[in-house]
Asks: 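Take a look at this one; I'll ask things after.
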There are 2 protein chains.
Amino acid sequence: MRLTRDQVLARALDLLDEVGIEQLTMRRLASALGVQNGATYWHFASKQALLEAMAEAMLAGVADGLDPVRPWPERLAELARRLRRALLSRRDGARIFAGTFFPEPNALAYGEAAIGILRGAGLSARDATWAVDTLTYYVVGHTIEEQAAARLPDGGGPAVARLAGALDPGRHPNLLAALDHIPAPHPEEHFAYGLELLLAGLRAKADGK
Amino acid sequence: MRLTRDQVLARALDLLDEVGIEQLTMRRLASALGVQNGATYWHFASKQALLEAMAEAMLAGVADGLDPVRPWPERLAELARRLRRALLSRRDGARIFAGTFFPEPNALAYGEAAIGILRGAGLSARDATWAVDTLTYYVVGHTIEEQAAARLPDGGGPAVARLAGALDPGRHPNLLAALDHIPAPHPEEHFAYGLELLLAGLRAKADGK
DNA sequence: ACCTGAACACCGTTCAAGT
DNA sequence: ACCTGAACACCGTTCAAGT
């Protein structure tokens, strides 16, 4: 039976979970589909086009059914948590998302909802847009690190040991004090902390106008 | 004359400026140095090791001589601006930095200074560490986008047009209102806005304790 | 319409052998 | 100590030709 675009996309997402972004090649995908190298290029013009479609697929429903009666900071926090969860739904999902640019429906729905929430809170179109950019950099940056840390050998122990070994008590007292708080073991709390920081800043902006 | 490690590194940074991260290959670097493919591997164990050294080189002096008498929000803002400038100093500098993990001296000095400033403001070691993570995700995320936007054809006009074409006035009223505020033309203001947002959040945290 | 087969123009990395 | 020459094991992409 012939392939469909959706079958190629679904296989690509499963292959991503299996092997990660680094090993996700058009040749391995073709092999997983049982076709020759060139075959996938009939369904997607390029690897980049496939990656865009994968990112878009991960974002399905990210902005759907946000409760309109809750206060705006809660709605925005919910949207940020949903974006994080969408990116976490696939291995290296955050890196896939970060590498795409094209305005697809689900990505647009996220931006539309986020900007709408902040304009509703009283921010200008400019401030709302730039604040959403800030929030999105945070969610994506955090989630990239989170997914990278989750793949570190032995729960990140060797990496922390390497960092500890590079520290000099005289030069790096603050980093030494911070060693207990390396994010890897507490991604949920770590994410919530930065999100709350941004919301505190936004509340100050919204109240000040 | 034989190559030194520093010569390889300097050539790699210049080649990065010339061709960008996508075209920066070990083969082109060897060719630019007038040696065979394998030669650079005597000086750097892998491409990744070279990229780490490049990131570290860009961060030279990033935390030096911060005025200790200025208020902590100004010191932290200054440090964030310096990190951005360091990443902007080379084409795709932010992407190079984002791809590295090893604790080298200049990167450590940045983290040490940033955490120190926030602990001095009264934050716990945990809060200071996580807040610096948030700030750093922001600076890096912003600068990656900024450098990508700067390389877009025709000042990003076609990309904005493509976005505009994907918008539906009924579905995307807020994105339409936001179209005038696409970051590309105003990176300085855009960066300052998000930075101020984070500082407002941090002031609230610092005052609240 | 959809895929094969084969090629093109590359990659990072390794390593025996040279100097 | 430092580099050459050559190979190994891959890449993304294209496209005439098949069905």
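All values below come from the heavy atoms of this structure, side chains included, with hydrogens, waters and symmetry mates left out. Order of the sequence lines sets the chain letters (A, B, ...), proteins ahead of strands, with each chain counted from 1.
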Asks: Can you tell me how far P of D/dC11 sits from CE of B/Met26, to the nearest Å?
Replies: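 Checked: the CE to P distance equals 20 Å.
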
Asks: What is the separation between atom CD on A/Glu22 and atom P on D/dC11, rounded to the nearest whole Å?
Replies: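 Result: 12 Å.
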
Asks: From the options C/dT13, D/dC11, C/dC2, select the nucleotide whose nearest atom is closest to the side chain of A/Arg28.
Replies: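 So the side chain of A/Arg28 is nearest to D/dC11.
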
Asks: B/Asp127 versus B/Leu118: any side-chain heavy-atom pair under 4.5 Å?
Replies: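 No - every pair of side-chain heavy atoms lies 4.5 Å or more apart.
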
Asks: Between D/dC10 and C/dA9, how far is it from one P atom to the other, in whole Å?
Replies: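 Approximately 22 Å lies between the P atom of D/dC10 and that of C/dA9.
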
Asks: Would a distance-only check, ignoring hydrogens and angles, find a side-chain to backbone donor-acceptor pair under 3.5 Å from B/Arg91 to B/Glu18?
Replies: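 Yes, because the side chain of B/Arg91 sits within donor-acceptor range (under 3.5 Å) of the backbone of B/Glu18.
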
Asks: I need the CG-P distance between B/Leu24 and C/dC11, as an integer number of Å.
Replies: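 Distance check: B/Leu24 CG to C/dC11 P gives 10 Å.
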
Asks: Starting at CD of B/Gln36 and ending at C1' of C/dA17, how long is that distance when rounded to a whole Å?
Replies: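 Taking CD of B/Gln36 and C1' of C/dA17, I get 14 Å after rounding.
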
Asks: Mapping A/Ser46 and B/Asn37 onto DNA chain D by nearest heavy atom, which one lands closer to the 5' end?
Replies: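 That would be B/Asn37.
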
Asks: What is the base-pairing partner of D/dC3, counting Watson-Crick and G-U wobble geometry with both distances under 3.5 Å?
Replies: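 The answer is none; no pair meets the criterion.
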
Asks: Paired with D/dC8: which nucleotide, if any, by Watson-Crick or G-U wobble criteria at under 3.5 Å for both distances?
Replies: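 Matched D/dC8 with C/dG12 under the 3.5 Å cut-off.
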
Asks: Separation of B/Arg5 atom CZ from D/dA1 atom C1', in whole Å?
Replies: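 The distance from CZ of B/Arg5 to C1' of D/dA1 comes to 16 Å, rounded to the nearest Å.
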
Asks: As a test of reading the structure: which of C/dG12, D/dA1, D/dT4 is closest to the side chain of B/Trp42, going by heavy atoms?
Replies: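 For the B/Trp42 side chain, the nearest candidate turns out to be D/dA1.
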
Asks: Let me know the distance between CZ of B/Phe44 and P of D/dC2, rounded to the nearest Å.
Replies: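 One finds 13 Å between P of D/dC2 and CZ of B/Phe44, rounded.
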
Asks: Of the nucleotides D/dT13, C/dC3, D/dT4, which has the atom closest to the A/Tyr41 side chain?
Replies: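 For A/Tyr41, the side-chain atoms sit closest to D/dT13.
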
Asks: May I ask you to decide if the ring planes of B/His190 and A/Tyr137 are parallel, tilted or perpendicular, using 30° and 60° as cut-offs?
Replies: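 Rings of B/His190 and A/Tyr137: perpendicular, over 60°.
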
Asks: Are A/Asp92 and A/Gln147 linked by a side-chain donor-acceptor pair shorter than 3.5 Å?
Replies: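 Their side chains do not contain a donor-acceptor pair, so the 3.5 Å distance test is not met.
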
Asks: Choose from D/dT14, C/dA1, D/dC3 the nucleotide whose nearest atom is closest to any side-chain atom of A/Arg2.
Replies: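 Of the candidates, C/dA1 comes closest.
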
Asks: For B/Arg11, does the CZ atom have more than 12 heavy-atom neighbours from other residues, nucleotides or ligands under 6.0 Å away?
Replies: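 12 or below, so no.
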
Asks: Does A/Arg27 or A/Gly38 map to a spot on DNA chain C nearer the 5' end, using the closest nucleotide for each?
Replies: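 Looking at DNA chain C, the more 5' nearest nucleotide goes with A/Gly38.
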
Asks: Let me know, please, whether A/Thr25 or A/Ala39 comes out on the 5' side of the other along DNA chain D by nearest nucleotide.
Replies: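 That would be A/Thr25.
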
Asks: Please report the distance, rounded to the nearest Å, between NZ in A/Lys47 and P in D/dT13.
Replies: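 After rounding, the gap between these two atoms is 8 Å.
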
Asks: Looking at B/His43, I'd like to know whether one of its side-chain N or O atoms comes within less than 4.0 Å of OP1 or OP2 on D/dC3.
Replies: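 So the side chain of B/His43 is within the cut-off, an N or O lying under 4.0 Å from OP1 or OP2 of D/dC3.
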
Asks: Rounding to an integer number of Å, can you tell me how far B/Leu50 CG sits from C/dT13 C1'?
Replies: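 Whole-Å distance recorded here is 14 Å.
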
